[in-house]
Amino acid sequence: YFFNFYNNKYIFFLKKNLSLRLLDNYFKTKYNQLLNKNLDEIVKNIISSTARCTNGFIGALINFISELFVIFGLIVFLLFINAKALILSLIIISIIGFIFFKIFKKKLKYYGSMIEDNEGEMFSILNYTFSAIKELKIFKLNQLVLSNFDKPNFILSDLRTKQANIFILPRLIFESTFIVLMLIAFFFILANRSFEANLLATVGAFSIAFIRILPSVNRIFNYYNTMIYTSPSIDLVFNEIKNTNKSIQENLIEVGKENKFKNINYEIKPSNKVILNNINFIIKKNEINCLFGKSGSGKTTLLDIMSGLLKPTDMDLVIDKEKKIKNFQWNSLGYMGQNNYYINDSLKNNICLYSNSNNFNKKLYYESIKFACLEEFFSSHSNNENIIIGYNGIKLSGGELQRLSLARMYYSNKQLLFFDEPTSALDEKTEEKIIENFNSMINNKTLVISTHQIKFKKISNNFLDLSNE
């Protein structure tokens, strides 16, 4: 009992720690590299692959070793009974085991790799399905989704059936071999009556020992099969931890009066598609700096580069005439993208999410609600700030979520704020009001706004139109 208790505790907490380490590893990965990864594969690696590493491989290894001790004790006992018979039995078991693994080892490893691939595809299908559930329900595409999901699901079921059947084989083979050997021994006793007493005692001892050994041998084979079968997960997780390039230690920098980004170039690898070519822009402190351009002009890419998130192909950054190295991180940075992060919690906790302070700032909180034009929303709901917004904000509309993100940016109280299309989901009247609030409510902060809305020009102190580049 105690062995199983501590064994299970070790395995499950190892799984927890390995999942956390892999998640932390992805957080520390260069943003450029994350862009080239399948996000559903990342989720699958953190949840399923780590489980196969620990519950599968490590758990099987521990049990494999424990069963070896049991068998070792019984072998020592049989060694004193009849060494020749023991050696013969071990040779037969070894030959059977060698033939079995020679036949099935590659298959089991192949099944493990295929399970990794098909589980990843199932995670992708489910993710895409529930992120677009409205359209799928409206257009009644449930059969299409079920058909797409069933393909990897069928393959997965088939692979696991084959794997389970292979796991059954050692028990059937060894039990059949044991029965055949016992029958041979008894026929030998009957044919040689002069040796009946000694042989009968030896056969009896071996029979009792083998009745105890056979389940252990079967479990050893199954544990070893499990290790082969789950070894692709070990390889995958180990390689993800080992080969993922971590973010380089970056210089923590403050916003200068003039922050000159010179000769920004960015190409998408490996196609070498040019997104930005020799772009120059100055972020001026405590002013509203805007990037204009049509969709696909590279506004978001430029914003990501200037925020320090995305590494350009080439660039020089000069702050107040002092040259800085290319790897940098702003000391007090806020970033509002087009797709934002929401927790399944209250509206209030989502607004306060990015604040570094543990103390709730009531004045700043209500200012953030005013800035984002959320007063009417709050007044129309009882228990307003404690409304649970649901997973990924599913209980709010697109416009409400965007205003929540705007309020969150204001409440974060960072000195340098980056916004990517901050009013794209708003109606014209609300948009006009928020553009006005950008100008009137945010003071002594440096803003960089990427937008296709020319309306922002009226509040912009400094801008670049990428449509002309």
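- The aromatic rings of F328 and W330 sit perpendicular, their planes meeting at an angle over 60°, well past the 30° parallel limit.
- Applying the ring pair (Phe, Tyr, Trp, His ring centres under 6.0 Å) definition to pairs two or more places apart or across chains, those involving residues 434-454 are F371-F438, F419-F438, F438-F456.
- Using a 3.5 Å distance cut-off with no hydrogens or angles, the side chains of T301 and D304 do not pair a donor with an acceptor.
- Remark: side-chain polar atoms of S49 are not paired, donor with acceptor, to backbone N or O of I46 under 3.5 angstrom.
- At least one test fails for K109 against the ring of Y229: distance under 6.0 Å to the centre or angle within 45° of the axis.
- Side-chain atoms of E367 and Y411 form no donor-acceptor pair, as typed in the model, at a separation below 3.5 Å.
- Every pair passing side chain to side chain donor-acceptor pair (under 3.5 Å) that includes a residue from residues 436-445 is listed here, sequence neighbours excluded: N413-K445.
- Side-chain rings of F104 and F100 approach one another, their centers coming within less than 6.0 Å.
- N286 places no side-chain N or O within donor-acceptor distance of the main-chain N or O of K284, the cut-off being under 3.5 Å.
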> After noting the C-alpha distance and the side-chain angles of D40 and K44, does the key distance pass the salt bridge (Lys or Arg N to Asp or Glu O under 4.0 Å) rule?
Replying inline: CA-CA 6 Å; D40 304 299; K44 186 266 296 178; over 6 Å; no

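- We find that K273 and E267 are not joined by a salt bridge, their nearest charged nitrogen and carboxylate oxygen being 4.0 Å or further apart.
- Pairs engaging residues 335-362 under the ring pair (Phe, Tyr, Trp, His ring centres under 6.0 Å) rule: F360-Y365 [sequence neighbours left out].
- Interatomic distance, I434 CD1 to C373 SG, rounded to the nearest 0.5 Å: 4.5 Å.
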